Structures are given as C-alpha cells and as structure tokens.
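Throughout, protein chains are lettered first and strands after them, A, B, ... in sequence-line order, and every chain is numbered starting at 1. None of the values given here were measured: they were computed from a predicted structure.
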2 protein chains.
Amino acid sequence: MNNLKYQITRHSVQRDRILELLRSTDRHPTADWLYDKLKSDFPRLSLGTIYRNLAILHEQGLIRKISFGSAFDRFEARVDHHYHLVCEECGRIMDLAIPFDEELNKKANASAGTFQVRHHRLEFYGLCENCRSQKDK
Amino acid sequence: MNNLKYQITRHSVQRDRILELLRSTDRHPTADWLYDKLKSDFPRLSLGTIYRNLAILHEQGLIRKISFGSAFDRFEARVDHHYHLVCEECGRIMDLAIPFDEELNKKANASAGTFQVRHHRLEFYGLCENCRSQKDK
DNA sequence: GTCCGTGCAAAAGCTTTGCAGCCTT
DNA sequence: AAGGCTGCAAAGCTTTTGCACGGAC
C-alpha cells in the first residue's frame with residue numbers, strides 16, 4: 001500500500017536546483033519566485049514543473065509548505081480571540097476551549113528582534129471523532 | 001483619512017441573513033456553503049454578493065475570517081518544527097527563534113474532547129523592521 | 001527501449017470586479 | 001433623486017492536469 005502521488009526514481013536537474021535555491025535562502029519563497037530565479041538558467045522552464053517538483057520534495061520531507069492566502073476561506077461570527085481544531089480528514093473546524101494566550105505575543109516579541117509582534121494565530125490539527133471511528137473500521 | 005474599502009450606509013436583507021446564518025452555526029462555513037443555504041430564500045443570489053458582504057461584515061468587525069488552502073503557498077527547506085513571523089505590511093516571513101512547544105498539543109488535547117490533536121501551527125503577525133520605519137515617516 | 005520529468009497550454013477552483021439596474025434612504 | 005447593493009458574467013490568480021516529447025537509466 002502506497003499513497004504517494006509522486007514516485008520519483010529519476011534524477012532531475014530542475015528539482016536539484018529548486019531544492020538548492022530553497023536551502024540557500026531564508027525568504028520562504030513562493031512558487032513564482034522560484035520560477036523567476038530559475039528562468040534564466042532554464043529558459044523553457046514552466047511553472048507546472050516548479051509545482052510538481054515542490055510537491056515531490058514535500059512528499060519526500062525535504063521541504064515544508066506554509067499555506068497562506070485565501071483559497072477556501074472560512075468565516076465565523078464569533079469575534080473574540082480563540083483557537084481552532086481542524087480535522088485533517090474532513091476539514092471540519094471546531095472552536096477550542098483553551099484560553100487565548102496573550103502572553104505568547106510577549107514571548108515571541110522577546111525573540112523577534114526588531115520585528116514587532118502584534119498578534120498570533122494558532123491552529124491544532126488532527127482527527128475529529130467521526131473520522132477517527134471511520135479509520136478504526 | 002479613511003482606508004475602508006466598503007463604506008456601507010444602506011441596509012441589505014442579504015447581509016442580515018448572512019450574519020444571522022453565521023451566528024446560528026458553529027461550522028465555520030465557507031462562502032459557498034452560505035450561498036447554498038441562502039439560495040432557496042434568494043433564488044437570484046450570487047456568490048459575488050456573498051463575498052462582498054462577507055468583506056463588509058469583516059471590515060465592521062462582526063465576523064472573523066480564517067484563511068486556509070493554498071492561494072499563495074510559501075516553501076522553505078528547513079524541515080524541523082518551528083514558528084514564523086509574518087509581516088502584515090510586506091508579507092515577508094521570518095523564522096522565529098523560540099522553541100517549538102510540543103506541550104501545546106497536550107494542552108489542546110486536554111480540552112479537545114474526542115478530537116485527537118496531532119500537531120499545531122502557530123504564526124505571529126506584526127511589522128518587520130523595514131515596514132516599521134517606513135511607517136514612522 | 002522504458003517510462004519518468006518537462007514544457008506548454010488548458011482547466012480548475014476560489015475570489016474579485018465591471019456594469020447596468022434595483023432598492024434603500 | 002442619489003448612490004449603495006445586487007445579479008450576472010467575465011476576469012484574476014494560484015495551482016493542477018493532460019499530452020506529447022525528450023531525457024534518465
């Protein structure tokens with residue numbers, strides 16, 4: 001049983017360069033930035049290749065992915081600060097009852113140098129009850 | 001000086017219903033879910049209206065928005081667990097030096113009921129040095 | 001010679017926006 | 001009457017995917 005989407009066996013210069021680039025910077029680049037940087041070396045490079053290789057590298061645990069932006073925003077009417085539980089299986093989101101920790105901002109600020117921390121966002125990921133019992137079957 | 005994009009003055013039944021719906025549920029809906037729910041009451045409703053009103057409600061502080069998904073993913077070669085600083089002005093992302101807190105998962109689990117917490121994601125938002133000095137001018 | 005990886009282009013998926021007409025004030 | 005709000009449709013953006021070709025092994 002193997003759920004990997006990409007089963008790479010071959011070597012790819014492009015993939016090497018993407019990983020190398022990521023390892024050489026602390027900018028947490030977007031796919032597009034990588035594309036721009038590598039375009040001069042591979043004039044016929046395509047964004048599809050970037051994305052495919054990022055997915056492969058990610059699958060291999062060689063890189064991490066941080067999602068931002070707004071593909072699939074969720075909304076809620078509760079406007080006080082609180083944290084969420086997110087089910088990785090079904091996408092369900094629940095509010096979590098632990099108190100909001102303002103102290104976290106101070107702790108972060110203490111290590112953030114000249115960066116000025118104003119707030120934070122914390123989410124917990126795992127399995128909701130439903131999906132857990134599904135998996136037990 | 002007013003930077004608000006939406007300056008609402010008028011009343012809208014659709015907006016009322018969106019807020020009412022959000023207040024009546026704990027599902028943290030997507031725009032599409034709201035659209036589906038309201039479609040029967042407003043047969044000619046459009047998703048554009050949903051999005052516009054969500055933006056207005058958000059601007060008024062009546063609702064919160066949680067972004068997930070992948071519009072603008074960022075990648076990094078550092079694969080150990082760590083936290084990030086995100087500049088709200090320029091979008092720059094930096095690694096934060098505070099230790100990764102595995103205890104957080106346990107704390108969350110203790111309040112999560114039947115939800116099984118496996119990991120978490122924590123980001124700090126604020127202003128980087130550059131953008132801070134820009135603002136002082 | 002296989003068949004994986006690439007480039008290219010089209011498609012997909014969510015969100016935004018232009019526009020004309022309607023509705024609130 | 002003024003102009004914000006709506007529905008509709010098109011556009012915008014990032015990411016994904018189908019396909020044929022070229023390259024790795």
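When the C1' atom of dA24(D) is taken as reference, atom CD1 of I56(A) falls 14 Å away, rounded to whole Å. Per the geometry, OH belonging to Y35(A) stands 8 Å off P belonging to dC8(C), to the nearest Å. Rounded to whole angstrom, the span from the CD atom of Q60(A) across to the C1' atom of dC4(C) amounts to 14 Å. Rounding to whole angstrom units, CG of residue N53(A) and C1' of dT6(C) are separated by 9 Å. The CD-P distance, from E59(A) to dG5(C), rounds to 11 Å in whole Å. The CG-P distance, from L54(A) to dT14(D), rounds to 15 Å in whole Å. Straight-line distance from the CZ atom of F42(B) to the P atom of dC23(C): 13 Å, rounded to whole Å. W33(A) has its CH2 atom 18 Å from the C1' atom of dT14(D), to the nearest Å.
The aromatic rings of Y83(B) and F124(B) sit perpendicular to each other, their planes meeting at more than 60°, with 30° as the lower class boundary. F100(A) and H120(A) have parallel rings, their planes meeting at less than 30° on a 0 to 90° scale where 60° marks the start of perpendicular.
Put simply, CZ on R17(A) and CD1 on I50(A) are 10.5 Å apart, with the number rounded to the nearest 0.5 Å. Distance check: S133(A) OG to L127(A) CG gives 10.0 Å after rounding to the nearest 0.5 Å.
Classification of E103(A) and K106(A) as a salt-bridged pair holds, one side-chain N sitting under 4.0 Å from a carboxylate O.
Counting only distance, with no hydrogens or angles, the side chain of N105(A) and the backbone of V117(A) share no donor-acceptor pair below 3.5 Å.
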Write out a two-atom table: protein N or O, nucleotide N or O from nucleotides 18-22 of chain C, distance below 3.5 Å.
from, atom 1, to, atom 2, distance (Å)
dG18(C), O6, R52(B), NH1, 3.2

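Phosphate proximity of dT6(C) to S12(A): present, with a side-chain N or O under 4.0 Å from OP1 or OP2. Remark: R15(A) is in phosphate contact with dG5(C), judged by side-chain N or O atoms under 4.0 Å from OP1 or OP2.
On a pure distance criterion of 3.5 Å, no polar donor-acceptor pair joins the side chain of R44(A) and the base of dC8(C).
Residues Q14(B) and T49(A) both approach DNA chain D. Their nearest nucleotides, taken by heavy-atom distance, put Q14(B) toward the 5′ side. Residue L47(B) is the one, among L47(B) and H11(B), whose nearest nucleotide of DNA chain C lies closer to the 5' end (criterion: closest heavy atom).
Counting only N and O atoms by type, the side chains of H82(A) and R64(B) include no donor and acceptor under 3.5 Å apart.
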